[in-house]
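Below you'll find the structure, written out as structure tokens, and then a few comments.
Hydrogens, waters and symmetry mates play no part in the numbers below; they use all other heavy atoms, side chains included.
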Amino acid sequence: MIRKRLATIDDPAIYRLVVEQLVPFSRMYDSGNSVTYSEIRKRLNANKTFVIAKGYKRPYGFISMIRKSSKLFIDMLAVDPREQGKGIGHTLMKAAEDYGLSERCHTVELFVDDSNPKAIRFYSKRGYEIDSYVPDLSCYRMNKKLKR
């Protein structure tokens with residue numbers, strides 16, 4: 001079931017997913033530093049976040065996004081490795097794109113680490129195209145036009 005994030009239930013699991021599934025690809029954390037729990041909570045509080053879970057149990061995937069004018073920016077997406085390959089990432093992206101359409105967004109944009117070819121393939125299969133490379137972040141900017 002996809003539902004809105006409930007901070008007290010979901011944030012510890014989301015944090016674990018970020019540390020295990022996203023941080024290893026980020027050059028920002030190359031030096032052995034990691035992101036803190038409070039940093040993640042701050043980002044989640046500023047964003048709209050959906051989780052996928054069995055009822056109100058701990059989530060095994062999430063997507064966090066923010067609307068910026070007529071663009072929807074995907075901030076973070078992660079799925080527990082034991083649940084990958086089951087369409088959960090696609091389901092979360094569809095929920096985000098539907099949310100973007102409901103908010104009158106025309107485009108979805110995201111950054112993907114250049115060291116994460118699996119994520120680049122995932123987004124490409126969903127119709128996202130590489131727009132540019134951002135050397136300071138070691139990331140590709142990808143986007144997709146939303147169709148009503």
Side-chain angles (χ1 to χ4, degrees), residues 1-7 10-11 13-53 59-148:
M1 149 175 132
I2 292 183
R3 60 175 171 74
K4 292 179 183 175
R5 162 187 164 248
L6 300 170
D10 300 329
D11 287 3
I14 291 172
Y15 177 71
R16 181 185 57 80
L17 287 168
V18 168
V19 168
E20 293 175 1
Q21 300 299 308
L22 301 179
V23 169
F25 294 103
S26 176
R27 296 252 164 74
M28 290 175 53
Y29 302 104
D30 268 352
S31 62
N33 296 331
S34 191
V35 64
T36 66
Y37 185 74
S38 62
E39 287 174 307
I40 294 303
R41 289 209 55 184
K42 193 178 294 184
R43 281 171 71 174
L44 293 170
N45 288 338
N47 294 348
K48 180 79 158 185
T49 302
F50 296 126
V51 300
I52 194 157
Y60 46 89
F62 80 98
I63 190 163
S64 188
M65 67 215 104
I66 189 166
R67 181 176 176 261
K68 295 181 178 183
S69 187
S70 64
K71 284 186 184 178
L72 182 69
F73 180 76
I74 305 296
D75 185 21
M76 298 179 284
L77 166 68
V79 175
D80 187 295
R82 295 169 294 204
E83 302 295 331
Q84 291 177 6
K86 299 178 182 178
I88 293 166
H90 290 283
T91 300
L92 288 166
M93 285 300 294
K94 171 91 171 78
E97 291 170 5
D98 289 347
Y99 171 75
L101 285 170
S102 75
E103 292 289 311
R104 297 185 183 93
C105 294
H106 302 290
T107 308
V108 180
E109 185 175 284
L110 55 91
F111 290 100
V112 62
D113 294 292
D114 63 6
S115 60
N116 194 347
K118 186 176 173 184
I120 294 168
R121 280 191 307 276
F122 170 80
Y123 293 118
S124 294
K125 285 180 182 178
R126 291 214 36 85
Y128 288 78
E129 296 179 349
I130 294 174
D131 174 77
S132 59
Y133 182 72
V134 183
D136 291 348
L137 299 176
S138 299
C139 289
Y140 293 102
R141 180 178 25 222
M142 299 182 80
N143 62 50
K144 174 182 174 178
K145 296 253 186 266
L146 287 177
K147 296 177 184 163
R148 301 207 179 273

Which heavy atom of L137 sits nearest a heavy atom of D113, and at what distance? O-OD1, 4.3 Å

To the nearest 0.5 Å, tell me how far Y140 OH sits from D114 CG. 5.5 Å

At what distance, to the nearest 0.5 angstrom, does CD1 of I130 lie from SG of C139? 11.5 Å

Rounded distance [0.5 Å steps], CD1 in I120 versus NZ in K125: 13.0 Å

With a 4.0 Å cut-off on N to O distance, would you call K86 and D80 a salt bridge? no

Are D11 and R41 close enough for a salt bridge, meaning some N to O gap below 4.0 Å? yes

Checking side chain to side chain contact (heavy atoms under 4.5 Å, CB included) for the pair S64/F50: CA distance, chi angles, key distance, verdict? CA-CA 6 Å; S64 188; F50 296 126; over 6 Å; no

Is there a side-chain contact between M93 and K144 in this structure, where contact means two heavy atoms from C-beta onward sitting under 4.5 Å apart? no

Going through the distances and angles, do R5 and D10 end up as a salt bridge (Lys or Arg N to Asp or Glu O under 4.0 Å)? CA-CA 6 Å; R5 162 187 164 248; D10 300 329; over 6 Å; no

Determine the minimum heavy-atom distance between C105 and S69, stating which atoms define it. SG-O, 4.5 Å

In Å, rounded to the nearest 0.5 Å, how long is the span from CG of N143 to OG1 of T107? 6.5 Å

For E103, look at atom CD and say whether over 12 heavy atoms of other residues, nucleotides or ligands are found less than 6.0 Å away. yes

Side chain Q84, main chain V79, donor-acceptor under 3.5 Å: yes

Indicate the ring-plane relationship of Y123 and Y128, choosing parallel, tilted or perpendicular according to the 30° and 60° boundaries. perpendicular

Polar side-chain atom of S124 near backbone of R121 as donor-acceptor pair, under 3.5 Å: no

For V18 against P24, the heavy-atom pair lying closest together: O-CD, 4.5 Å

Identify the two heavy atoms, one from T36 and one from E39, that lie closest to each other, and give their separation to 0.1 Å. N-OE1, 2.7 Å

With sequence neighbours excluded, tell me which residues meet side-chain contact (heavy atoms from CB on, under 4.5 Å) with I66. N47, K68, F73

Nearest heavy-atom approach of A96 to I74 is CB-CD1, 3.8 Å

d(F62 CZ, D75 CG) to nearest 0.5 Å is 8.0 Å

Contact check, side chains of L77 and L110, non-hydrogen atoms, under 4.5 Å: no

Would you indicate whether the side-chain heavy atoms of V35 and Y15 approach each other to under 4.5 Å? yes

So, do M76 and I40 sit near enough that their side-chain heavy atoms are less than 4.5 Å apart? yes

I need the minimum non-hydrogen distance between A78 and L17, along with the two atoms involved. CB-CB, 4.0 Å

